[in-house]
Amino acid sequence: MKKYKHEAIEAKWQKKWDESKQYEVNLADAPRPFYNLMMFPYPSAEGLHVGNVFAFVGSDIQGRFHRMNGYDVFEPIGFDAFGIHSENFALKVGTHPSKLVPENIKNFRENQLKRAGNMYDWTHEVDTTSPEYYRWTQWIFIQLYKAGLAYRATAPVNWCPSCKTVLAAEQVVSGECERCSTVVTKKDMAQWFFKTTAFAQKLLDNLEIIDWSEKTKVAQRNWIGRSEGAQVTFKLDGHDEGFEIFTTRPDTLFGVTYMVFAPEHPLLKKIVTEDNQQKFKAYRKRVATMSEVERQAEGLEKTGVFTGGYAINPVNDERVPIWVSDYVLMGYGTGAIMAVPAHDQRDFEFATKFGLEIRAVISPDGRVHPLEEAYTGKGVMINSGSFDGLDSTEGIRKVTQWLAEKDLARFQVNFRLRDWCISRQRYWGPPIPIIYCDKCGTQPVPDNELPVRLPDIEDYQPDGSGDSPLKRVSEFFYTTCPTCNGPAKRETDVSDNFLCSAWYFYRYPSTNFNDRAFEAALTKKWLPVDLYVGGNEHAVLHLLYSRFLCMALNQIGLIDFEEPFNKFVAHGIITKDGGKMSKSKGNVVNPDDFIKRYGADAFRVYLMFMGDYLEGGDFRDEGVPAMRGFLDRVWSHVTGDDLDEDEPDDSETLYWLHYTTRTVTNDIKRFSYNTALARLMELLNHISRASVKNRVVNETFVKLLAPFAPYISEELWERLGHDTSVYDESWPKYREEHTTRKTIEYVVQFNGKVRAKLPIDVGLSQEEIETVVMANERVKTLMEGKEIVKKIFVPNKLVNLVVK
RNA sequence: GCCGAAGUGGCGGAAUUGGUAGACGCGCUAGGUUCAGGGUCUAGUGGGUGUAUGCCUGUGCGAGUUCGAGUCUCGCCUUCGGCACCA
């Protein structure tokens with residue numbers, strides 16, 4: 001018996017898989033398609049992160065498992081290589097990204113991904129930076145533009161001074177840049193947006209019908225932020241026109257004692273009176289220079305100024321002062337609110353500070369109480385004219401209806417979700433395919449001129465001017481109008497990297513088609529994706545954008561489904577020493593070292609055994625050699641002496657075999673890989689201790705191990721005398737009657753405490769079991785001087801005697 | 001502040017519907033093999049008690065429901081994640 005040598009075995013099977021095209025799928029003819037997708041990596045110079053390996057292996061196990069269950073599994077991989085990350089790294093090391101990226105991709109593909117042992121179909125690889133790919137990224141942009149789902153607007157957008165570009169709302173995490181944690185500021189700029197808000201309700205509703213990790217859905221629900229209420233019209237005192245506010249609590253309209261406008265609100269031009277102009281302008285200027293973070297740091301203390309203007313409350317024609325404060329945001333609702341200090345904590349703080357009236361109109365019990373803070377709960381309406389005594393929940397509806405009849409209000413739903421700002425003032429991305437002509441206006445680049453190639457330039461440093469470095473390239477910037485042939489200018493911004501990744505899974509099956517983004521028949525056959533595995537950090541980024549784009553493509557009529565991923569599973573996070581891995585801490589796990597030393601299989605098995613796949617776990621270096629030990633034991637057992645060719649008949653072996661098959665099957669289905677491996681270890685412990693040398697047992701074991709450890713499984717399968725792949729075998733079946741033992745160790749409890757254990761044959765009646773239990777010596781001793789009050793019988797588990 | 005998830009030995013972690021808490025692995029202890037080291041195999045391993053196949057105790061804390069609670073209910077504490085002046 002030779003020792004298990006992983007280097008030779010892994011090299012051998014990589015070669016064999018390549019040569020036999022084992023993982024290539026006939027996409028057009030596959031009878032049972034299963035699209036197994038994993039989030040494609042960004043090919044960094046540091047190499048594949050252990051978190052990527054963890055994610056991919058967990059996904060690959062599903063691919064291999066489905067394959068053995070008769071599916072035609074398509075498991076592609078690619079590279080998400082555009083974006084600031086690549087560009088910044090290139091700037092740092094002084095090598096052009098167009099040179100760096102292919103090197104990194106090669107390293108990822110040849111030295112890392114292939115070794116990890118996933119069943120990728122390399123004939124459908126995607127690289128978002130190749131013109132053959134980004135041509136279609138641009139084409140998609142144009143389709144959205146033509147459908148009215150992409151528009152250009154000047155708006156206060158999020159600007160990262162460090163990245164020197166604007167960001168989408170989703171890329172700002174509590175006021176800081178998602179990538180570099182720099183405090184983001186607001187800047188008025190003309191930007192391209194995708195109308196994600198057009199699908200806000202659908203993005204929310206469809207969460208009910210897709211099979212996604214609950215935590216991902218929750219994050220999306222929070223982000224979409226639907227709230228129901230009313231849009232109410234207030235008149236401006238002394239003006240003809242009025243303005244609208246949004247409120248979720250129209251039942252508190254009688255408690256309005258002032259109004260607040262966001263400092264940027266355009267109507268303030270008319271509202272602010274002459275003698276209040278100066279302090280208003282000073283206030284607005286101060287707010288404009290502050291970042292979101294600074295505003296929130298000062299947020300405990302409310303600030304604001306009086307405008308001098310008044311509004312008329314539509315419910316009681318009262319004249320209420322209009323104030324300006326930065327606690328009202330221009331980007332949500334109408335940018336103006338009605339303030340009800342008695343029932344809103346923010347309004348309460350503001351009113352307290354500026355000495356404004358606080359008038360209670362909702363009471364938990366119908367009586368008036370002095371308020372220490374705002375009462376935000378429900379209750380009975382008071383001080384509310386004819387609505388007095390009404391339940392506030394009903395009041396919301398009734399007050400809105402009453403005002404609606406007078407055309408002063410309407411029911412309204414608001415979302416926090418914003419349109420997706422996709423312009424980036426950077427170099428390393430797909431240029432936005434738009435041409436501006438003074439005569440003909442904004443023109444999409446005609447299809448036959450795609451791709452708009454990213455010019456190869458030496459100086460691609462962002463300058464922070466608010467323009468992309470491409471604007472400095474006159475051959476690029478100056479062009480001709482596709483309509484009138486006159487002089488025109490190109491859009492110089494590139495698109496957000498998240499646009500590249502929002503559609504890559506449509507491209508995988510269609511990589512052989514150069515005349516279309518995705519081939520209709522293949523798309524119909526393979527999409528939506530059957531299973532998508534990835535990190536939850538993309539819950540409101542990549543995953544939200546992908547869902548939006550799918551709905552957009554569906555509306556345009558390019559695809560016939562609304563949701564791109566039928567099932568999404570969010571895997572956990574791997575930590576080291578309980579915390580995040582980072583270069584500064586020097587605790588980054590390098591997969592290559594472990595794969596080299598202990599083998600890819602041991603590394604895979606350890607990653608999956610470490611903890612719950614959906615929860616993640618803490619990586620310990622000692623874990624990998626421990627799993628190598630397990631594989632060594634597997635090796636020596638399976639490659640051992642001559643095998644018994646008969647069906648196994650020993651009842652204990654039958655039990656272990658069928659019980660393990662059942663639990664491993666179910667555990668893989670629910671991504672419980674750590675327990676599946678534990679069961680395999682138990683089976684191995686049994687068969688090696690009991691020296692079970694049986695073909696059926698060994699072959700079943702290898703098949704059950706195969707999704708986790710592909711190289712050793714193929715090798716062992718071959719050594720068991722087969723000349724075909726173990727992945728062409730079908731998944732083992734179990735027989736229910738063998739999954740439990742013939743004799744069960746019953747627990748006898750007295751008053752719920754375990755007092756005895758005795759073996760009892762399966763299949764006895766309750767009376768027979770009781771007889772056996774009562775005849776037991778130990779039970780008899782315990783029963784002395786006691787009386788049975790109650791007997792509880794749990795089949796195949798326990799007997800509990802309640803005695804006194 | 002709101003929403004969500006979690007808290008179990010020295011450690012990573014198990015425990016479908018309430019039914020033997022600690023599976024499996026690491027580490028540790030003892031022993032076999034070995035000149036030794038390493039490797040490997042066998043046994044043991046929550047705490048307390050000590051003649052025990054015994055008894056007591058034990059799943060963040062405090063109550064409760066139940067014959068029986070890691071699991072269910074109520075009230076706290078802690079950690080992590082999401083949202084956050086969103087009207």
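Each chain gets a letter, A, B and so on, in the order its sequence line appears, and its residues count up from 1. Below, each value reflects all heavy atoms present in this structure, side chains not excepted, and no hydrogens, waters or symmetry copies.
Within 4.0 Å (heavy atoms only), A:V260 reaches no atom of the nucleic acid at all. Base engagement by A:D326 is indicated by at least one non-hydrogen atom pair under 4.0 Å involving a base atom. Residue A:R633 is in sugar-phosphate contact alone, with no base atom involved, counting any heavy-atom pair closer than 4.0 Å across all strands shown.
The separation between A:D621 atom CG and B:G27 atom P is 13 Å, rounded to whole Å. Rounded to whole Å, the distance from CD1 on A:I573 to C1' on B:C80 is 11 Å. Across the protein-nucleic acid pair, A:K215 atom NZ and B:G81 atom C1' stand 8 Å apart, rounded to whole Å. As rounded to whole Å, 18 Å separates atom C1' of B:G19 from atom NZ of A:K791. For A:K797 and B:U17, the NZ to P distance is 11 Å, given to the nearest whole Å. Atom CG of A:L631 and atom P of B:U40 are 13 Å apart (whole Å). In this entry the distance linking CE of A:M608 with P of B:A14 reads 14 Å, nearest Å. A:L329 places its CG atom 6 Å from the P atom of B:C85, with the value rounded to the nearest Å.
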Between A:Y598 and A:F603, does a ring-ring contact (aromatic ring centres under 6.0 Å, His included) hold up when you go through it step by step? CA-CA 7 Å; A:Y598 303 104; A:F603 193 58; 9.3 Å; no
Take A:V320 and A:I312 through the side chain to side chain contact (heavy atoms under 4.5 Å, CB included) test and state the conclusion after the steps. CA-CA 6 Å; A:V320 288; A:I312 305 297; over 6 Å; no
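Between A:R755 and B:C55, a side-chain N or O to OP1/OP2 separation shorter than 4.0 Å is present. In this structure, A:K753 reaches the B:U57 phosphate: one of its side-chain N or O atoms is under 4.0 Å from OP1 or OP2.
The side chain of A:F609 approaches B:G12 more closely than any other nucleotide in the set B:G12, B:A15, B:U42. Residue A:V754 has its side chain nearest to B:U20 when only B:U20, B:G19, B:A5 are considered. Checking B:A15, B:U20, B:C55 against the side-chain heavy atoms of A:R778 singles out B:C55 as nearest. Taking every side-chain heavy atom of A:V747 into account, B:U20 is the closest of B:U20, B:U42, B:G25. Comparing B:A15, B:G12, B:C3 by their nearest atom to the side chain of A:V218 picks out B:C3.
A salt bridge links A:K576 and A:D621; the closest N-O separation between the charged side-chain nitrogens and carboxylate oxygens is under 4.0 Å. Salt-bridge annotation for A:E652 and A:K742: absent, with no side-chain N of the basic residue lying under 4.0 Å from a carboxylate O of the acidic one. The residues A:E264 and A:K186 are annotated as not salt-bridged, no charged nitrogen and carboxylate oxygen being separated by less than 4.0 angstrom. Ion pairing of A:K5 with A:E7 is absent here, as no side-chain N (NZ or NE/NH1/NH2) approaches a carboxylate O to less than 4.0 Å. Salt bridge A:E745/A:K797: absent, no basic N to carboxylate O contact under 4.0 Å.
Remark: A:R547 qualifies as a cation-pi partner of A:W212 under the 6.0 Å distance and 45° angle criteria applied to the six-membered ring. Figure legend: A:K302 and A:F354 shown without cation-pi pairing, the cationic atom not lying both under 6.0 angstrom from the six-membered ring centre and within 45 degrees of its axis.
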Enumerate the protein-to-nucleotides 67-71 of chain B contacts in which both atoms are nitrogen or oxygen and the separation is below 3.5 Å.
residue	atom	partner	partner atom	Å
B:C67	O2	A:N800	ND2	2.3

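Between the A:K217 side chain and the A:I210 main chain, a donor and an acceptor come within less than 3.5 Å of each other. A:T252 places no side-chain N or O within 3.5 Å of a backbone atom of A:V340 that could act as its donor or acceptor partner. Within the 3.5 Å criterion, the main-chain N or O of A:L253 finds a donor-acceptor partner in the side chain of A:N313.
Remark: A:D618 engages A:T575 in a side chain to side chain donor-acceptor pair (under 3.5 Å) (not counting sequence neighbours).
Near-neighbour residues of RNA chain B inside residues 671-685 of chain A, defined by a heavy atom below 4.0 Å, number-ordered: A:N674, A:T675, A:A678, A:R679, A:M681, A:E682, A:N685.
Rounded to whole Å, the P atom of B:G9 lies 9 Å from the corresponding atom of B:U59. Here the separation of B:G60 from B:G13, taken at their P atoms, is 15 Å to the nearest Å. B:A36 and B:C55 are spaced 46 Å apart, taking the C1' atom of each and rounding to whole Å. Nucleotides B:C61 and B:U53 are separated by 36 Å at their C1' atoms, to the nearest Å. Remark: the separation of the P atoms in B:G1 and B:G12 is 29 Å, to the nearest Å. The gap from the C1' atom of B:G18 to that of B:C56 amounts to 24 Å, rounded to the nearest Å. Straight-line distance between the P atoms of B:C11 and B:C83: roughly 32 Å, to the nearest whole Å. Taking atom P in both B:C24 and B:G68, one finds a spacing of 30 Å when rounded to whole Å.
The nearest heavy atom of RNA chain B to A:E745 and to A:T663 marks one nucleotide each, and the one closer to the 5' end goes with A:T663.
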Treat primed atoms plus P, OP1 and OP2 as sugar-phosphate and everything else as base, then score nucleotides 44-51 of chain B 5' to 3': B for base contact with protein heavy atoms under 4.0 Å, S for sugar-phosphate contact only, - for none. --------
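Inspection of the A:Y673 and A:D612 side chains reveals no N or O donor paired with an N or O acceptor under 3.5 Å. Using modelled atom types and a 3.5 Å distance limit, the side chains of A:N414 and A:S227 yield no donor-acceptor pair.
B:G32 has its base anti relative to the sugar, with a glycosidic angle deviating from 0 by more than 90°.
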With a cut-off of 3.5 Å and sequence neighbours excluded, list every side-chain donor-acceptor pair involving residues 675-690 of chain A.
residue	atom	partner	partner atom	Å
A:T675	OG1	A:D667	OD2	2.9
A:T675	OG1	A:S672	O	2.9
A:T675	OG1	A:S672	OG	2.5
A:R679	NE	A:E682	OE1	2.8
A:N685	ND2	A:M681	O	3.4
A:H686	NE2	A:T653	OG1	3.2
A:S688	OG	A:L684	O	2.8

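Helical stems involving RNA chain B, defined as 3 or more consecutive Watson-Crick or G-U pairs under 3.5 Å, span B:1-7 with B:77-83, B:10-12 with B:24-26, B:27-33 with B:39-45, B:46-49 with B:54-57, B:60-64 with B:72-76.
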